[in-house]
Amino acid sequence: ASQEAIDQRMGDLTRVLGDAVHMNPDDAARQRFTDELAKIVCAPGTAPVHTTSEGFQASVATLVRINDTAENRHDLNLIRQNIELFLDNVQKVVNMQFDTGQRRMLTRALVRLVGDGSVADRE
């Protein structure tokens with residue numbers, strides 16, 4: 001049941017972030033994208049295989065920091081700040097601005113994935 005929940009959350013994040021950055025709709029491209037996202041949000045300390053810039057590395061580091069300690073995984077303010085920083089950095093990397101709806105959907109998808117999952121219930 002836990003793995004199914006994680007898979008569903010990863011699917012949600014892939015769809016929302018992929019749509020926001022106008023990712024290639026090809027199934028293979030989406031799978032690579034999902035695999036890279038999984039490395040970022042599900043395996044703390046594991047950097048993506050292909051980083052595109054220091055800005056992207058910085059955005060990944062903000063998400064990884066959430067899982068550094070048990071205290072961080074429960075800190076709603078830290079999680080929200082780091083997700084905001086992540087989204088700001090992603091916008092810079094892809095040279096586009098997310099609209100309010102995209103940003104809200106991305107935030108919700110990321111909150112469900114980082115930390116211990118309990119924060120999403122308090123959103």
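Reckoned from all heavy atoms, side chains included, excluding hydrogens, waters and symmetry mates.
Note: D19 CG to F98 CZ = 11.0 Å, rounded to the nearest 0.5 Å. Summarising the geometry, atom NE2 belonging to H74 is positioned 13.0 Å from atom CD1 belonging to I66; distances are rounded to the nearest 0.5 Å. Between N72 atom CG and R65 atom CZ the span is 9.5 Å, to the nearest 0.5 Å. To the nearest 0.5 Å, atom CG of residue L87 and atom CG of residue L106 are 5.5 Å apart.
When hydrophobic clusters are built by joining Ile, Leu, Val, Met, Phe, Trp and Tyr residues whose side-chain heavy atoms come closer than 4.5 Å, directly or via intermediates, M105 is grouped together with V90.
Counting only heavy atoms from C-beta outward, the side chains of R103 and Q97 never approach each other to under 4.5 Å. L110 places none of its side-chain heavy atoms less than 4.5 Å from the side chain of R80. Side-chain atoms of L63 and I83, non-hydrogen and from C-beta on, do get closer than 4.5 Å to each other. Side-chain contact between E84 and T107 is present, with at least one heavy-atom pair separated by less than 4.5 Å.
In the displayed structure, N95 atom CG is contacted under 6.0 Å by at most 12 heavy atoms of other residues, nucleotides or ligands. The environment of CG in D99 is crowded: more than 12 heavy-atom neighbours from other residues, nucleotides or ligands sit within 6.0 Å.
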